[in-house]
**Q** 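The following block contains the structure, expressed as structure tokens.
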Amino acid sequence: MPKVLGGSLAAHRDEVRARVFAALRELLYEQGFDAVTLAGVAAAAGVGRTSIYNHFPDRQALLVAFVEHEADRYVADLESALGAAATPTDRLAVFARLQLHRLAEFHLPPGRGLAGTLDPEAYRRIAAHADPIGDRLARIVREGIESGEMAAEDPAVLVAMIGAALSARQIVDVPQEELAGSVEAAVRIVLSMVRPSNLG
């Protein structure tokens with residue numbers, strides 16, 4: 001009988017998933033999804049091949065579960081951080097900072113884009129996890145416009161501009177010792193970009 005990690009079946013399941021997700025994160029960065037196999041993830045995670053197949057029937061199911069887990073964790077962190085910010089401008093700064101640090105943490109893996117690798121349903125499930133994050137940015141922008149802290153422009157345009165700025169990999173693809181300064185410079189630029197005094 002396979003060894004049960006953590007002393008109970010529920011704890012075992014959580015421990016296996018934690019190990020598998022940690023291993024997958026590294027393999028995605030090092031190899032890209034094209035090269036990932038369940039057997040390779042199991043070996044890197046130190047769990048049995050049978051065990052990983054009990055949790056994830058194939059590598060697409062594994063990737064979807066990983067993205068769902070990471071997105072839920074990130075949204076919880078984002079909500080907590082935004083709740084401590086007093087004004088829409090403060091919340092935008094928090095949002096921008098967290099987004100850029102997340103971009104730095106999850107490097108673009110080598111290989112084909114996920115849209116060309118996954119089946120349409122799996123890709124839709126993964127892409128859907130960007131919606132709650134985008135919704136929070138849209139809410140921040142609407143509140144900023146209503147309060148007069150941000151330019152009275154089309155909120156959809158401001159959200160799109162902010163989103164594009166915060167997806168620029170050049171900001172975070174810098175030596176580690178320069179990352180904090182680069183992120184803070186980007187946050188200042190994003191805040192200046194939406195200020196009413198910049199328009200008209």
**Q** Under a 4.5 Å cut-off applied to non-hydrogen side-chain atoms, are L191 and L92 in contact?
**A** yes

**Q** Between atom NE2 of H69 and atom CZ of R25, what is the distance when rounded to the nearest 0.5 Å?
**A** 8.0 Å

**Q** For the residue pair A81 and V94, what are the closest heavy atoms and their distance?
**A**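 So the minimum-distance heavy-atom pair works out to CB-CG1, 3.6 Å.
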
**Q** If you look only at distance, which donor and acceptor atoms sit under 3.5 Å apart when one is on a side chain in residues 39-58 and the other is two or more places apart or in another chain?
**A**
{"from": "N54", "atom 1": "ND2", "to": "T50", "atom 2": "O", "distance (Å)": "3.4"}
{"from": "D58", "atom 1": "OD1", "to": "Q60", "atom 2": "N", "distance (Å)": "3.1"}
{"from": "D58", "atom 1": "OD1", "to": "A61", "atom 2": "N", "distance (Å)": "2.7"}

**Q** Charged N to carboxylate O under 4.0 angstrom, E149 versus R195?
**A** no

**Q** Which is it for V141 and V194 under the side-chain contact (heavy atoms from CB on, under 4.5 Å) test, yes or no, and what are the steps along the way?
**A** CA-CA 9 Å; V141 168; V194 300; over 6 Å; no

**Q** Distance from E184 atom CD to R97 atom CZ, nearest 0.5 Å?
**A**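 Interatomic distance, E184 CD to R97 CZ, rounded to 0.5 Å: 4.0 Å.
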
**Q** State plainly whether the residues R19 and E15 are in salt-bridge range, i.e. N to O under 4.0 Å.
**A** yes

**Q** Could you check R139 against E79 for salt bridge (Lys or Arg N to Asp or Glu O under 4.0 Å), going step by step and ending with a plain yes or no?
**A** CA-CA 12 Å; R139 185 173 65 202; E79 281 292 297; 3.5 Å; yes

**Q** Starting at CD1 of I133, measure out to CZ of R102 and round the result to the nearest 0.5 Å.
**A**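 One gets 5.5 Å once the value is rounded to the nearest 0.5 Å.
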
**Q** Would you kindly check if the NZ (Lys) or CZ (Arg) of R136 is within the cone defined by 45 degrees around the ring axis of F95 and under 6.0 Å from the six-membered ring centre?
**A**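 Pair R136/F95 does not count as cation-pi.
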
**Q** Tell me if a side-chain donor or acceptor on S182 pairs with a main-chain N or O of I171 at a distance below 3.5 Å.
**A**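 It does hold such a pair.
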
**Q** Provide the closest heavy-atom pair for R142 versus P155 in the form atom of the first, atom of the second, distance.
**A**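 Minimum heavy-atom contact is CG-CB, 4.4 Å.
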
**Q** Measuring from atom CG of L103 to atom CG of L166, what distance do you get when rounded to the nearest 0.5 angstrom?
**A** 8.5 Å

**Q** Is there side-chain contact between R59 and L63, with heavy atoms separated by less than 4.5 Å?
**A**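 No, too far: nothing below the 4.5 Å cut-off.
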
**Q** In this structure, are over 12 heavy atoms from other groups packed under 6.0 Å from E177 atom CD?
**A**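 Buried by this count: over 12 neighbours within 6.0 Å.
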
**Q** To the nearest 0.5 Å, what is the distance between OG1 on T89 and CD1 on I140?
**A**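 Rounded to the nearest 0.5 Å, the OG1-CD1 separation comes to 10.0 Å.
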
**Q** Checking D14 now: which residues fulfil side chain to side chain donor-acceptor pair (under 3.5 Å) with it, not counting sequence neighbours?
**A** none

**Q** Using the rule that two of Ile, Leu, Val, Met, Phe, Trp, Tyr join whenever any of their side-chain heavy atoms come within less than 4.5 Å, decide whether M161 and I189 are in one cluster.
**A** no

**Q** Using a 4.5 Å cut-off on heavy atoms from C-beta on, say whether the side chain of F33 contacts that of L27.
**A**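 Sidechains of F33 and L27: no contact.
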
**Q** Supply the atom-to-atom distance L100 CG to S167 OG, rounded to the nearest 0.5 angstrom.
**A**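 So the CG of L100 and the OG of S167 are separated by 9.5 Å.
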
**Q** Over all heavy atoms of both residues, which pair between L179 and H101 is shortest? Give the atoms and the distance, please.
**A**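 Looks like CD2-ND1, 4.3 Å.
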
**Q** Would you call I145 and L158 a side-chain contact if the rule is heavy atoms closer than 4.5 Å?
**A** yes

**Q** May I ask you to check whether Y74 and Q99 show a side-chain donor-acceptor distance below 3.5 Å?
**A**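 Checked: Y74/Q99 side chains pair up, N/O donor to acceptor below 3.5 Å.
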
**Q** Can you name the side chain to side chain donor-acceptor pair (under 3.5 Å) partners of T87, sequence neighbours left out?
**A**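 For T87, the residues satisfying side chain to side chain donor-acceptor pair (under 3.5 Å) (neighbours in sequence not counted) are D90.
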
